[in-house]
Asks: 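Could you have a look at this structure, given as structure tokens, before my questions?
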Amino acid sequence: MKKYKIIAVFIIALAVCFAIHNLTAENWNVVTMKENIYQRYDSNNGILQTFKEAFAAKNATGKSDMVGLMARAINGEARGETYVGQVAVGAVILNRTENSKFPKTIPGVIYQPGAFTAVSDGQINLPISSKTSAYKAARDALNGWDPTGGCIYYFNPSTATSKWIWGRPQATRIGKHIFAK
Amino acid sequence: MNKFREKLLDFKKRLSDRHMYSIVITVIGLIAVWGMYQLKSEMEFHQKTENQYNRAFFETVEYVQNVETLMAKSMIANTREQGIINLSEVWRQANLAQANLGQLPISQLALENTAKFLTQISDFSYSLVKQNLNGGKITQKQMDDMKTLYDYSEKMSNNLNQLQAELGQGRIKWGELVKKGTPIFNSSSKNFTTKQFENLEKDFKEFPSLIYDGPFSDGLRNQQPMGLTGDNIKQSQAKEAAVKFIGIDKVKDIKPMGTTEGTIKTFNFQAGLKSSPAMDSVVIGISKKGGHPLLYIFNKKIERESVNVEQAKAAAKKFLESRGFNNMEETYYLKEDGVATINFAYSEKGVTIYPDLIKVKVALDDGEIVGFESKAYLTSHRERKIGNPKITQEQAKKIINPKLKVFSSGLAIIPTPGRAEKLTYEFKGKVEGRDFIVYVNADTGKEEQILLIINTPNGILTM
């Protein structure tokens, strides 16, 4: 009887390895495809957010689900942060779309390879309810609330390994993140 | 220890059992098959991503080559029409090149100046298209800028050709960079591919700053906020201003939360309210110069709605007036999750000045103010000399589409993407059940902007 148990354990272990591997291997492929899909829906290329804001907060409930995408990015990146810390992360995403050095759309910025750890490790795919603070923070950021004063980078000083990032002009610190230009 | 040895001996004994041998061999066989299957699917996934990256790369190359030729054509185009056609193609193709460049698995930093170049050549061309359409002639300075941009696009195109050849020979592999995405099979990236792209980026390190009428022009970044009147204040004064802004009777305690060294520098404070004592729920930013409120964030939990939008608008207006913002006219609103976000524009002598924008959030449970944002207002508000329009409203009305059934009109100052301002006539009207706002330049009689209005249960949106 005992050997059957050993075999059973083996097979279960194999199945688990298999599942884990597939999940991780698929990640990048999905990331690139998602970027393409979202980019196609982000129809407001070329018109700056600040310009649009002058008339109305357009993006907040547009046809495309930019709030949801941004909320999941915020959730993945700054789940443990205070509310204002979450708005700040959203503001950085938005500030990047208005910076010449970055892609011009929200999905382009979020899915830029290597730009956000929450995208690289798939945490952005965690489903969240529209009642969470990440959702509210995403809306505030899209409506133009920017606690960072126009920053395009942020990092966690206790885990940041890049020397370069320390050289950027720092604007403020909110929770665990330092925000830089 | 002994127990372990016993177990080991027992295992050895059982292995010598013939039955057990066959089982072990089967298991090893299974693992081998599984491993092969895994390898195959891993390679397939790998190939798929590699293909995506190759597509993005080759498209970038193609678009940049087109930009180079189109720039050359634009420079010799002698009629307005040819100029417009070629430059609008530059605008489009450079934009596509920039989007594809952003999809390459290369650190954003490694290619940031290249990306900036593509943004600016696209943006610059668009500004020239608009200038051309309005009958403007290309100036000598713009001609020189075009020459510079052309030279850089030629260099970039050559470099990309070089990289394309290396990719063809298999010397560029996105693989290592891609691996970063799979934490379990993490391999240290040798930055092999990034190195190859260094040459491309190197050329743009020296790229001169470009000033033109567009949102990505280098001139815009140095603009000083015009609404920041007054002297620099101390933190203690800012604290007083913060308490006064939130409401002296509402604040339970307040403490500093550092500063923000942004375009508008602020002292920040965290506050606990009597109604909501948790310290992290309220944050306020007061400008160092003049002590103007810039930002107020209150993450209030709203259980039920008992205030309607009209009441919320009135509450917001009353709040603005009590904080010294007079002549603010409500323009649009949005209702989400029990909160109404209401936009206000400054209004002077009947002219709506859209660039001077303040947003106020009102909680729909009891009409409390839960958000305030005045970056646009502090950036652009000043005493303006509003000139007399050169054309009359009647003349302007003749310019717009006759199908538009106008139900309200008036003068308005609107922003342009290049942060200039234009005096216009604003016509709100309907065509086939759809709401539009059309802006006609009050001096030149040109249509400046058309907005499509979407009425949703949650508010009015413009597109």
Side-chain angles (χ1 to χ4, degrees), chain A residues 3 7 10 14 18 20-22 24-29 31-32 35 39 45-48 50-51 53-58 60-62 82-84 87 98 100-104 108 112-115 120-121 131 133 136 139-140 143-151 164 169-173, chain B residues 20 23 27 34 38 42 45 48-49 52 98-99 102-105 107-109 112 115-116 119-120 178 180-184 215-216 258-264 266 280-281 283 285 295 297 299 332 334 336-337 341 343 354-355 357 359 371 373 375-376 415 417 451 456 458 460-463:
Chain A
K3 22 186 178 177
I7 295 169
F10 242 104
L14 280 182
F18 182 75
I20 291 174
H21 179 72
N22 262 10
T24 51
E26 229 169 316
N27 196 18
W28 260 98
N29 220 0
V31 163
T32 358
E35 173 179 359
Q39 207 142 36
N45 299 5
I47 310 178
L48 281 184
T50 39
F51 175 63
E53 259 177 43
F55 294 102
K58 188 263 130 198
T61 39
T82 57
Y83 183 71
V84 65
V87 177
E98 298 193 1
S100 56
K101 293 172 180 173
F102 288 88
K104 298 280 120 24
Q112 187 171 30
S120 300
D121 64 16
K131 297 282 168 216
S133 64
K136 285 162 93 180
R139 287 206 182 97
D140 271 354
N143 283 338
W145 267 257
D146 180 5
T148 73
C151 285
W164 171 88
Q170 295 176 9
T172 189
R173 181 176 178 145
Chain B
M20 200 60 203
I23 286 168
V27 167
W34 174 75
Q38 283 301 292
E42 161 86 17
F45 279 131
K48 271 190 209 165
T49 27
Q52 293 265 18
Q98 212 264 2
Q103 294 185 12
L104 296 179
S107 146
Q108 179 268 331
L109 290 172
E112 63 171 4
K116 184 183 167 203
T119 303
Q120 285 197 327
V178 177
K180 279 186 168 171
T182 61
I184 289 181
F216 298 105
T259 61
T260 301
E261 305 298 317
T263 333
I264 296 172
T266 56
D280 61 358
S281 60
V283 171
L295 191 82
I297 295 176
N299 179 24
Y332 299 99
L334 206 63
E336 294 155 326
D337 273 348
T341 306
N343 287 13
Y354 284 104
L357 167 78
K359 281 163 280 178
E373 201 275 337
K375 189 172 79 195
L451 298 177
T456 72
N458 293 330
I460 310 164
L461 305 173
T462 61
M463 292 224 157

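Just so it is clear: chains get the letters A, B, ... in the order the sequence lines come, proteins before strands, and each one is counted from 1.
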Asks: Mind ranking B:I264, B:T260, B:I297 by heavy-atom pairs under 4.5 Å with chain A and telling me who comes out on top?
Replies: B:T260
Asks: Of all heavy-atom pairs between B:A115 and A:K101, which one has the smallest distance, and what is that distance?
Replies: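 Here B:A115 and A:K101 meet closest at CB-O, 3.5 Å.
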Asks: So how far is it from A:N143 CG to B:N343 CG, rounded to the nearest 0.5 Å?
Replies: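 Atom-to-atom, A:N143:CG and B:N343:CG are 7.5 Å apart.
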Asks: I'd like to check A:W145 versus B:T341 (side-chain heavy atoms, cut-off strictly below 4.5 Å). Are they in contact?
Replies: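 Yes, at least one pair of side-chain atoms sits under 4.5 Å.
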Asks: Which bit of B:L109 comes within less than 4.5 Å of chain A, counting heavy atoms only: side chain, backbone, both or neither?
Replies: side chain
Asks: NZ/A:K136 to CG/B:N299 distance, rounded to the nearest 0.5 angstrom?
Replies: 4.0 Å
Asks: Can you give me the closest heavy-atom contact between B:Q98 and A:K104, atom names plus distance?
Replies: NE2-NZ, 3.1 Å
Asks: For the candidates A:A115, A:P147, A:S133, which exhibits the highest count of non-hydrogen atom pairs separated by less than 4.5 Å from chain B?
Replies: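 Heavy-atom pairs under 4.5 Å are most numerous for A:P147.
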Asks: As an exercise, state the distance from CG of A:D146 to NZ of B:K375, rounded to the nearest 0.5 Å.
Replies: 5.0 Å
Asks: Are any non-hydrogen side-chain atoms of A:V87 and B:V283 less than 4.5 angstrom apart?
Replies: no
Asks: Tell me, do B:D337 and A:R139 make a side-chain contact under 4.5 Å, heavy atoms counted?
Replies: yes
Asks: Looking only at non-hydrogen atoms, find the nearest pair between B:P105 and A:P113 and report the distance.
Replies: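 So the two residues come closest at CA-CB, 3.5 Å.
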